[in-house]
Every structure is written in structure tokens, then in C-alpha cells.
Amino acid sequence: MNGVLYVVSTPIGNLEDITLRALRILKECDLIACEDTRQSLKLLSHFKISKPLISFYSYNEQYKVRHILDKLSEGRKITLVSDAGTPGISDPGNNLIKESINKGIKVEVLPGASAFITALVGSGLPTSGFIFCGFLKRKPGKMKKELLELANLQKTIIFYESPHRILKTVEICFDVFGRNANICLARELTKKFEEFIRGTIEEVLENIKNRQGLLGEFVILIYSNDKTK
Ligand code: SAM
């Protein structure tokens with residue numbers, strides 16, 4: 001008999017954001033597949049959970065998918081977690097979920113924290129239509145091209161960005177969407193220095209240019225209703 005693959009979201013900063021169901025599943029499963037075992041050990045030891053772990057990160061993903069599928073076929077209950085947030089969202093997991101479905105293995109997804117949903121709701125930008133793009137291409141020319149393709153959608157555009165590229169990326173947004181488009185930088189969500197930097201692209205650019213350094217984790221959200229841009 002096949003086992004079950006549980007997909008469990010973990011906190012993106014504040015440990016209180018783990019759900020009761022997530023804790024129960026982590027305690028009851030046979031094995032936890034995690035991105036970085038050291039990171040997951042911190043979380044598990046905080047909640048006094050001790051379980052066998054196997055590493056499952058992007059570089060060994062394909063090999064580990066087969067290994068985990070074998071164990072699921074033997075009837076094991078396996079929980080997939082990533083370092084933070086929801087597995088499969090800009091994190092490993094999608095292939096394992098797809099292959100489990102193909103093999104008729106039950107996949108149970110537990111709802112929980114994800115940075116982009118938290119950022120979208122707190123941004124105040126329209127939530128009725130949005131597009132989440134994960135990480136955009138790093139090279140400025142390619143990023144600009146990607147953004148230009150999204151620019152006429154009339155939806156809130158959401159993407160992840162690392163702190164050392166924030167200023168350059170907001171400058172590219174200025175070029176693509178113009179000074180008056182609305183932007184929100186959601187920084188360090190659920191953590192001590194959580195901040196939403198909201199305004200037009202011009203205002204936000206001015207704000208961050210005047211800062212010494214922009215540290216932490218970021219989600220960028222843009223909404224432009226200027227059809228001429
Ligand atoms: N799986 C995660 C999720 O569900 O949100 C995303 C993992 S992705 C590798 C990491 C990126 O998510 C970071 O570079 C940052 O852009 C965003 N992120 C994660 N935690 C965040 C936080 N607390 N505040 C703002 N952005 C965050």
C-alpha cells in the first residue's frame with residue numbers, strides 16, 4: 001500500500017506561525033524531507049520533534065525524488081518541508097509532488113505561511129487579480145524584458161528579490177512602469193524589523209536611495225493601471 005506525501009509550510013520568520021496540524025503531521029510521519037537539514041533541525045528542536053531527516057535540495061532533487069518515491073511506495077508517510085514558507089514555491093518540491101501524483105500516491109498539502117501571500121495582503125494593492133513570478137531573471141536586460149511582458153496585464157505583479165539587488169531592480173521597474181505606478185517592498189515579513197515600503201515607484205526609489213543599506217528578505221509588488229505604459 002502506498003504511503004502519503006505531506007507538504008508542510010513552515011514559518012517565514014515568526015515561529016508562532018506554524019500550524020497545529022503541521023506540528024501533528026511532523027510528529028506522526030516516518031521521515032522528513034527537508035532542504036537544509038541544519039535549518040529544519042532548528043525548527044524541529046524548537047518544537048521538541050525528533051525524526052529521521054533526509055536532505056532534498058535543488059542540486060540533488062532529481063536523484064532524491066526517486067529515493068523518496070520508493071519509500072512512499074513502501075507505505076511510508078513522508079513530510080516535505082523547505083527552509084521557510086511553502087515547499088514548491090521558489091523552493092524544491094514541485095517535481096516530487098508531480099511524480100507522486102503520477103504514481104497515484106496521495107499528496108496532502110497543509111496550508112501555511114508563504115511570503116508572497118503575506119506581502120500581497122499587506123501591500124494594499126489589488127488582490128482580485130495577481131501574478132506571482134518567483135525570482136525574475138538576474139541580468140538587467142532579461143529582467144526588463146520579462147517585466148515588459150507583464151506590464152500590460154493590469155494585475156498586481158509579485159516577485160522575490162535578494163536585498164543586494166533591490167535598488168537596481170526598483171530602477172528597472174521605474175524604466176518599465178513609469179514614475180507613477182504603485183509599488184510595495186515588503187521586507188522581513190513576520191520578523192522584528194518587518195516593514196512595508198509603499199508608494200509610487202518614484203517615492204519608493206527616493207526612500208531607498210537615502211538609506212545606508214537595505215537588509216533582510218524582500219518581496220516586490222507592483223500595480224500599474226496606466227495603459228499607455
Ligand atoms: N517557499 C518560500 C515561500 O513560500 O515564500 C519562498 C522561498 S524563496 C527561496 C526565498 C525568498 O522569499 C526570499 O529571497 C524573499 O524574496 C522571500 N521571503 C522569504 N521570507 C521572507 C520574509 N520573511 N520577508 C520577505 N520576503 C521573504
Side-chain angles (χ1 to χ4, degrees), residues 5-19 21-22 25-26 32-40 42-44 46 55-61 64 79-98 107-125 127 130-138 143 146-147 150 156-170 172-173 183-198 204 207-208 211 213-222:
L5 176 67
Y6 297 101
V7 184
V8 169
S9 299
T10 55
I12 55 168
N14 189 328
L15 293 184
E16 288 179 352
D17 293 334
I18 192 104
T19 69
R21 188 172 165 215
I25 294 296
L26 286 165
I32 300 173
C34 48
E35 212 183 338
D36 179 343
T37 48
R38 288 161 306 179
Q39 201 63 31
S40 296
K42 280 190 222 157
L43 178 83
L44 295 169
H46 179 86
S55 66
F56 181 74
Y57 50 91
S58 41
Y59 295 107
N60 72 3
E61 193 172 348
K64 285 292 166 91
T79 299
L80 173 67
V81 296
S82 61
D83 286 353
T86 302
I89 300 296
S90 296
D91 268 340
N94 186 242
N95 282 338
L96 176 61
I97 293 165
K98 192 177 67 191
V107 177
E108 262 188 46
V109 182
L110 280 64
S114 192
F116 85 88
I117 289 287
T118 313
L120 172 63
V121 175
S123 70
L125 297 175
T127 54
F130 60 88
I131 177 160
F132 170 66
C133 309
F135 288 94
L136 297 183
K137 301 229 163 48
R138 284 188 186 190
M143 181 188 285
E146 221 176 333
L147 287 170
L150 298 165
T156 300
I157 300 162
I158 313 167
F159 54 97
Y160 290 156
E161 188 52 289
S162 80
H164 62 272
R165 284 195 297 267
I166 278 289
L167 183 58
K168 180 75 203 155
T169 299
V170 177
I172 293 172
C173 293
I183 190 167
C184 173
L185 308 183
R187 185 170 88 91
E188 291 287 86
L189 294 167
T190 77
K191 302 184 195 176
K192 187 174 176 193
F193 296 106
E194 175 178 289
E195 183 181 15
F196 287 88
I197 309 173
R198 307 179 181 91
V204 169
N207 177 330
I208 61 174
R211 298 205 188 194
L214 275 174
L215 300 175
E217 298 195 276
F218 281 88
V219 184
I220 303 184
L221 307 98
I222 299 170

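Atoms within a ligand are numbered from 1 in the order they appear, just like the ligands themselves.
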Novice: Against heavy atoms of Ser114, which atoms of ligand 1 measure under 4.0 Å?
Specialist: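 Listed by number with element, the hits are 3 (C), 4 (O), 5 (O).
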
Novice: Which heavy atom of Leu43 sits nearest to which heavy atom of Pro11, and what is that distance?
Specialist: CD1-CD, 4.0 Å

Novice: State, to 0.1 Å, how close Pro111 and Arg21 come at their nearest heavy-atom pair, and which atoms those are.
Specialist: CD-NH1, 4.0 Å

Novice: Which residue owns the protein heavy atom closest to atom 25 (C) of ligand 1, what's the atom, and how far is it?
Specialist: Glu217 O, 3.2 Å

Novice: How close do Phe56 and Gly93 get, heavy atom to heavy atom, and via which atoms?
Specialist: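 Here Phe56 and Gly93 meet closest at CE2-N, 3.9 Å.
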
Novice: If you take the centroid of each ring, where Trp contributes its six-membered ring, are Phe132 and Tyr160 closer together than 6.0 Å?
Specialist: yes

Novice: Heavy atom under 4.0 Å from ligand 1: found in Pro87's side chain, backbone, both, or neither?
Specialist: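 Neither part.
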
Novice: Is it true that, when you exclude Arg138 itself, more than 12 heavy atoms of the residues, nucleotides or ligands shown sit nearer than 6.0 Å to its CZ?
Specialist: no

Novice: Which atoms from ligand 1 have a heavy atom of Ala84 less than 4.0 Å away?
Specialist: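 This gives 1 (N), 2 (C) as the contact atoms.
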
Novice: Ser162 near ligand 1, heavy-atom distance under 4.0 Å?
Specialist: no

Novice: Out of the candidates Leu120, Ile131, Ile117, only one should pair with Ile158 under the side chain to side chain contact (heavy atoms under 4.5 Å, CB included) rule; please name it.
Specialist: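 Checked Leu120, Ile131, Ile117 against Ile158; only one passes side chain to side chain contact (heavy atoms under 4.5 Å, CB included): Leu120.
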
Novice: What protein heavy atom sits nearest atom 7 (C) of ligand 1, and how far off is it?
Specialist: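 Result: Asp91 OD2, 3.3 Å.
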
Novice: Determine the minimum heavy-atom distance between Ile222 and Phe159, stating which atoms define it.
Specialist: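 Heavy-atom minimum between the residues: CD1-CE2, 4.2 Å.
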
Novice: Specify the closest pair of heavy atoms between Phe196 and Ala119, including all atoms of both residues, with the distance to one decimal.
Specialist: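 Shortest heavy-atom separation between Phe196 and Ala119 comes out as CE2-O, 3.8 Å.
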
Novice: List ligand 1 atoms under 4.0 Å from Ala186, heavy atoms only on the residue side.
Specialist: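 Those qualifying, in numeric order: 25 (C).
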
Novice: Check each of Leu80, Val81, Thr86 against Val8 using the side chain to side chain contact (heavy atoms under 4.5 Å, CB included) test, and report the only one that passes.
Specialist: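 Option passing the side chain to side chain contact (heavy atoms under 4.5 Å, CB included) with Val8: Val81.
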
Novice: For atom 8 (S) of ligand 1, what's the nearest protein heavy-atom neighbour? Residue, atom name and distance, please.
Specialist: Ser90 O, 3.6 Å

Novice: Applying a 4.0 Å heavy-atom criterion (strictly less than), which segment of Lys191 is in contact with ligand 1: side chain, backbone, both, or neither?
Specialist: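 Side chain only; the backbone of Lys191 stays clear of ligand 1.
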
Novice: What atoms in ligand 1 come closer than 4.0 Å to a heavy atom of Ile89?
Specialist: 1 (N), 2 (C), 4 (O), 6 (C), 7 (C)

Novice: Which is it for Phe218 and ligand 1 at heavy atoms under 4.0 Å: side chain, backbone, both or neither?
Specialist: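 It is the backbone that gets close, since no side chain atom is under 4.0 Å.
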
Novice: Between Ser9 and ligand 1, which residue portion shows a heavy-atom distance shorter than 4.0 Å: side chain, backbone, both, or neither?
Specialist: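 Near ligand 1, Ser9 shows nothing, with every heavy atom at 4.0 Å or more.
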
Novice: Which protein non-hydrogen atom lies closest to atom 26 (N) of ligand 1, naming both residue and atom, and how far is it?
Specialist: Val219 CG2, 3.5 Å

Novice: For atom 14 (O) of ligand 1, what is the nearest protein heavy atom, given as residue, atom name and distance?
Specialist: Phe135 CZ, 3.5 Å

Novice: Starting from atom 5 (O) of ligand 1, find the nearest protein heavy-atom neighbour and note its residue, name and distance.
Specialist: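 Closest protein heavy atom to atom 5 (O) of ligand 1: Tyr160 OH, 2.6 Å.
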
Novice: Under 4.0 Å from a heavy atom of Gly85: which atoms of ligand 1 are those, numbered in the order shown and with their elements?
Specialist: 3 (C), 4 (O)

Novice: Tell me whether Gly13 reaches ligand 1 (any heavy atom closer than 4.0 angstrom to a ligand atom).
Specialist: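 Outside the 4.0 Å threshold, so no.
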
Novice: Taking all heavy atoms of Leu215 and all of Glu188, pick out the closest pair and write down the distance.
Specialist: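 Between these two residues, the closest heavy atoms are O-CG, 4.4 Å.
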
Novice: Is it the case that more than 12 heavy atoms not belonging to Lys137 sit under 6.0 Å from its NZ atom?
Specialist: no

Novice: Where is the nearest protein heavy atom to atom 24 (N) of ligand 1: which residue, which atom, and how far?
Specialist: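 Answer, as residue, atom name and distance: Leu189 N, 2.9 Å.
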
Novice: Among all the protein's non-hydrogen atoms, which is closest to atom 18 (N) of ligand 1, and how far away is it?
Specialist: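 For atom 18 (N) of ligand 1, the nearest protein heavy atom comes out as Ala115 CB, 3.5 Å.
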
Novice: Out of the candidates Glu195, Glu161, Glu217, only one should pair with Arg187 under the salt bridge (Lys or Arg N to Asp or Glu O under 4.0 Å) rule; please name it.
Specialist: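 For Arg187, the salt bridge (Lys or Arg N to Asp or Glu O under 4.0 Å) check succeeds only for Glu195.
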
